[in-house]
Protein chains: 2
Amino acid sequence: MVSSEASRRVTIHDVARTAGVSRQTVSRALNDKGEIDGGTKQRVLDAARELGYRPSRFARGLVRQDTTTIGLVIPDLLNPFFTEVAAAALEAARARGWHVVVYDTSDSAEEELGTLQVIGSQVDAVVGYFSRPEDELDRFTRGIPVVLIGREHHTPRFSSIRVEGAEGVKAAITHLVNAGHRRIGMLDHAGRAEPSVRRDWFAAAVAAHGLEAEVVERAAQSVDGGAGALEALLAEHPDVTAVFTFNDIIAMGALRAARRLGRRVPDDLAVVGFDGLQLGTVVDPALTSVALDTRRLGALAIDQVARLLTGATPLSADELVVQAQLLVRESA
Amino acid sequence: MVSSEASRRVTIHDVARTAGVSRQTVSRALNDKGEIDGGTKQRVLDAARELGYRPSRFARGLVRQDTTTIGLVIPDLLNPFFTEVAAAALEAARARGWHVVVYDTSDSAEEELGTLQVIGSQVDAVVGYFSRPEDELDRFTRGIPVVLIGREHHTPRFSSIRVEGAEGVKAAITHLVNAGHRRIGMLDHAGRAEPSVRRDWFAAAVAAHGLEAEVVERAAQSVDGGAGALEALLAEHPDVTAVFTFNDIIAMGALRAARRLGRRVPDDLAVVGFDGLQLGTVVDPALTSVALDTRRLGALAIDQVARLLTGATPLSADELVVQAQLLVRESA
DNA sequence: TTGAAAGCGATACCAT
DNA sequence: ATGGTATCGCTTTCAA
C-alpha cells in the first residue's frame with residue numbers, strides 16, 4: 001500500500017536509489033569531496049534536486065560534531081538596551097561562525113522558566129539575563145556553560161559579566177558640579193523593592209562632592225514613568241537643577257517633562273541618563289549619559305563562552321567587567 | 001592508554017554502565033516514562049548527574065522528529081523597525097514552541113550570502129528580509145519553506161508578505177489637508193537608485209487631492225539624514241508647511257531640524273512619518289505616522305511558515321498583506 | 001520492570 | 001572512482 005498523505009522525508013537513500021549509486025557517493029557529490037566522476041556527480045545532483053532532498057541536520061550533526069549553537073536569553077528585545085546587547089552578541093557569535101537562538105522572556109518569570117526548560121536541550125551554551133535563583137538555573141543548564149550578564153557575582157558554576165558604574169557616575173556628578181549644579185536629584189527605577197545599585201553609586205558620588213543628601217524619586221521604566229517622576233521630584237524640590245536617572249528611557253521621559261514644565265535643558269535643568277543608548281541621539285537635546293559599551297558587553301560574554309566551550313582558561317571575575325563611562329552629549 | 005585531555009562526551013551508555021542498567025532504562029528515567037522502578041530511576045538520575053550527562057540534541061532530534069527551528073534573517077537588528085518585526089516573529093514562534101535562530105546580515109549583501117550558505121542546513125524554514133535575487137535564494141533554501149517580508153511579489157516558490165500603504169498614506173495626506181496644509185513635501189529614502197514605492201503612494205495621494213506637484217528631497221536613512229534633508233527642502237521651498245517622510249527615523253531628524261530652524265511642530269510644520277514605531281512616542285512632540293502593525297507582520301509570517309511546514313493550505317498573496325494605517329499622535 | 005535489537009539519516013574509513 | 005560497513009547517541013518496538 002502506498003502512503004497517501006504524509007510524504008515521508010526524502011533521505012540520502014532515496015537519492016542514491018534514484019541516481020543508481022550508493023549512499024556515500026551521494027554524500028561525496030553533495031559535499032563537494034573529490035574522488036568522484038563528473039558525470040556521476042551531476043547525476044546525483046540532479047536526482048537530489050528532483051526529489052527535493054535536504055540532508056537532515058540532526059543526522060549530520062550527529063556524525064560531524066561541528067556547528068555550535070548558543071542560546072541568548074533576553075528579557076525584552078524591544079527594550080533598546082537589550083536590543084543593543086543582543087545585536088552585539090549576535091555579531092560576536094557570527095564572527096565565530098556560531099548560530100544563536102534568541103529567546104525573549106517578556107520580563108516574565110514564567111516565560112523564563114519555560115525557556116530554561118527547553119533551552120538546555122537545544123544549545124551548547126547559554127548567555128543572557130536571568131532573574132531566577134541560581135540553583136534553578138543550574139538544574140536546567142547542568143553540563144553546559146552559562147554566562148550571565150549584569151548579575152552581581154561570579155561563581156564557579158556561572159560566569160557573570162559585571163557592570164561597574166561607580167566611576168562613571170562619579171564623573172557625571174563631577175561634570176554637573178563643574179557646571180555649577182549643587183542640588184542634584186535622581187530618578188531611580190521603581191521595579192524592585194530595594195533601591196538600585198546605580199542609586200548607591202549616585203549617593204556615593206554626591207557624598208564625595210560634599211553635596212546635600214540626595215533627593216530621589218522612583219520612576220516606572222518607561223518614558224511616561226520618567227516624565228511623571230520628574231514632575232513629582234520638581235514639585236517637591238523646585239531647587240533641583242540637575243537629575244541623574246536610572247536609565248536612558250527614564251531620562252527621555254524627564255526630557256519631555258522638563259520641556260512641558262518650561263524648563264530648558266540643559267540650561268534650567270541638566271539631565272544625565274544611564275546606558276548610553278544610541279537612541280539618546282534621536283531626542284533633542286541629545287542625551288548625556290553614563291554609557292555602557294554594549295558591544296564590549298556582548299563580545300566579552302561570547303568570548304567567555306568560547307573559552308568555556310573549548311576548555312581554555314576562562315576569564316576571571318576581574319576581567320569580566322564593563323566600565324561605564326560618561327558620554328557627554330547635549331542634555332548636560 | 002587513558003586519553004589525557006579531550007574528555008569524550010558522556011553518553012547514555014556511560015550513564016547506563018554507571019547505574020548498572022541498560023540504555024533504554026536510562027532513557028525511561030530521564031524522559032519520565034512510566035514503567036520503571038522508583039529506586040532504579042533514582043539511581044539512574046544520580047548517575048546522570050554525577051557524570052554531568054546531557055543528551056545529544058542531534059541524536060534525540062534524529063529519532064523524535066519534533067522540534068522545529070526557524071531562521072530569522074534581519075538586515076539590521078539595531079534598526080528599530082526590524083527590532084519590532086523580530087520581536088513579533090519571536091513571540092509568534094514562541095507561542096508555537098519553535099526555536100528561532102536570528103541572523104543579522106548587517107545590511108550587507110555578502111553577509112546575506114554567508115547567511116544563506118549556512119542557514120539552509122540549520123533550520124526547517126526561513127523568514128525574513130533578503131536583497132539577493134530569487135534564483136540565488138532558491139539555490140540555498142531549496143526544499144524548505146521561505147517567507148519573505150516586504151518583497152513586492154509573491155511567487156509559487158516564495159511566500160511574501162506585502163505592505164500595502166496607499167490607503168494609509170492617502171489618509172495621512174487627507175489629515176494634513178484637513179488641517180489646512182496645501183504645500184506638502186516628502187523626505188524620501190536616498191538608498192536606492194529609483195524612488196521608493198512610498199513615494200509613489202505619496203504622489204498618488206497628493207494628486208488625488210489636486211495639490212500642486214509634490215516637492216521631494218532625498219534623505220539618508222538616519223536622524224541626521226532626515227534633519228539635513230528637511231533643511232534642504234525648506235531652503236528651496238519655504239512655503240512647505242507639512243512633510244511626509246519615508247520612515248520614522250527620517251521623521252525624527254525632521255523634527256529636530258524643524259526645532260533648530262525655529263519652526264514649531266505641528267503648528268508651523270506638520271510631520272508625518274512612516275512605520276509607526278513605538279519609538280515615535282519618545283520624541284516630543286510624539287510622532288504622527290503611517291503605521292505598520294509589526295506584530296501582525298511577524299504573526300502572519302510565522303503563520304504562513306506553519307502552514308507551509310504542515311502542508312496545510314497556505315495563505316494566498318491577497319491574505320499576506322499588511323495594511324498601513326494612519327496613527328495620529330502629536331506631530332501632525 | 002527491564003533489556004535486546006532495530007532503526008533515525010548521515011559521514012568516515014577501508015576495501016575494491 | 002565507488003561501495004560496504006561501522007558509527008554517531010538516542011528512542012522505540014518487542015520480548016522476556
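By convention in this document, chain letters (A, B, ...) are assigned in the order of the sequence lines, proteins followed by strands, and residues within each chain are numbered from 1. Keep in mind that what you see is a predicted model, and the values were worked out from it rather than measured.
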Next item on the list: Would you please test A/N31 and A/R60 for side chain to side chain contact (heavy atoms under 4.5 Å, CB included) and show each step?
Entry: CA-CA 11 Å; A/N31 295 302; A/R60 185 174 268 176; 3.3 Å; yes

Note to self: Without decimals, in angstroms, what is the distance between A/R17 CZ and C/dG9 P?
What the structure shows: 13 Å

Note to self: Need to verify one output field. Residue with the more 5' nearest nucleotide on DNA chain D, B/N31 or A/R43?
What the structure shows: A/R43

Next item on the list: Answer yes if the side chains of B/E111 and B/S106 hold a donor-acceptor pair under 3.5 Å, and no otherwise.
Entry: no

Check: Tell me: CZ of A/R28 to C1' of C/dC13, nearest whole Å?
Finding: 10 Å

Note to self: Please report the distance, rounded to the nearest Å, between CG in A/L30 and C1' in C/dA10.
What the structure shows: 11 Å

Note to self: What is the separation between atom NZ on B/K41 and atom P on C/dT2, rounded to the nearest whole Å?
What the structure shows: 12 Å

Item checked: Value in whole Å for how far the P atom of C/dT11 lies from CG of A/D66 -> 11 Å

Check: Using a distance-only test with no angle check, is there a side-chain donor-acceptor pair under 3.5 angstrom linking B/E84 and B/T294?
Finding: yes

Checklist line | Value in whole Å for how far the C1' atom of C/dG9 lies from CZ of A/F58 | finding: 11 Å

Margin query: Are A/I144 and A/D124 packed together at the side-chain level, in the sense that at least one heavy-atom pair is separated by less than 4.5 angstrom?
Written below: no

Margin query: Can you see whether A/S316 engages A/E319 through a side-chain donor-acceptor pair at a distance of less than 3.5 angstrom?
Written below: yes

Item checked: Along DNA chain C (nearest heavy atom to each residue), the more 5'-positioned of B/V21 and B/V63 -> B/V21

Margin query: Between A/S22 and A/T25, is the side chain to side chain donor-acceptor pair (under 3.5 Å) condition met? List the steps.
Written below: CA-CA 5 Å; A/S22 70; A/T25 300; 3.2 Å; yes

Notebook entry, point to check: In whole angstroms, how far is the C1' atom of C/dT11 from the CZ atom of A/R23?
Noted result: 10 Å

Next item on the list: Using a 4.5 Å cut-off on heavy atoms from C-beta on, say whether the side chain of B/I149 contacts that of B/S160.
Entry: no

Notebook entry, point to check: Mind checking which nucleotides bracket the chain A contacts on DNA chain D, 5' to 3', with an atom under 4.0 Å from a heavy atom?
Noted result: D/dA1 to D/dG9

Item checked: SB check B/E134 B/R157 (cutoff 4.0 Å) -> no

Notebook entry, point to check: Is the distance from OP1 or OP2 of C/dT1 to the nearest side-chain N or O of B/T25 less than 4.0 Å?
Noted result: no

Item checked: Rounded distance (Å) that lies between atom C1' of C/dA4 and atom NE2 of B/H13 -> 13 Å

Next item on the list: Indicate whether any N or O donor in one side chain lies under 3.5 Å from an N or O acceptor in the other, for B/T68 and B/R96.
Entry: no

Notebook entry, point to check: Hey, is the side chain of A/Q24 pairing donor to acceptor with the base of C/dA10 inside 3.5 Å?
Noted result: no

Next item on the list: Starting from the first five and the last five pairs of the helix from C/dT1-D/dA16 to C/dT16-D/dA1, work out the angle between the resulting helix axes, to 10 degrees.
Entry: 40°

Note to self: Within the 4.0 Å heavy-atom criterion, would you say B/R57 contacts the bases, only the backbone, or no part of the nucleic acid?
What the structure shows: nothing

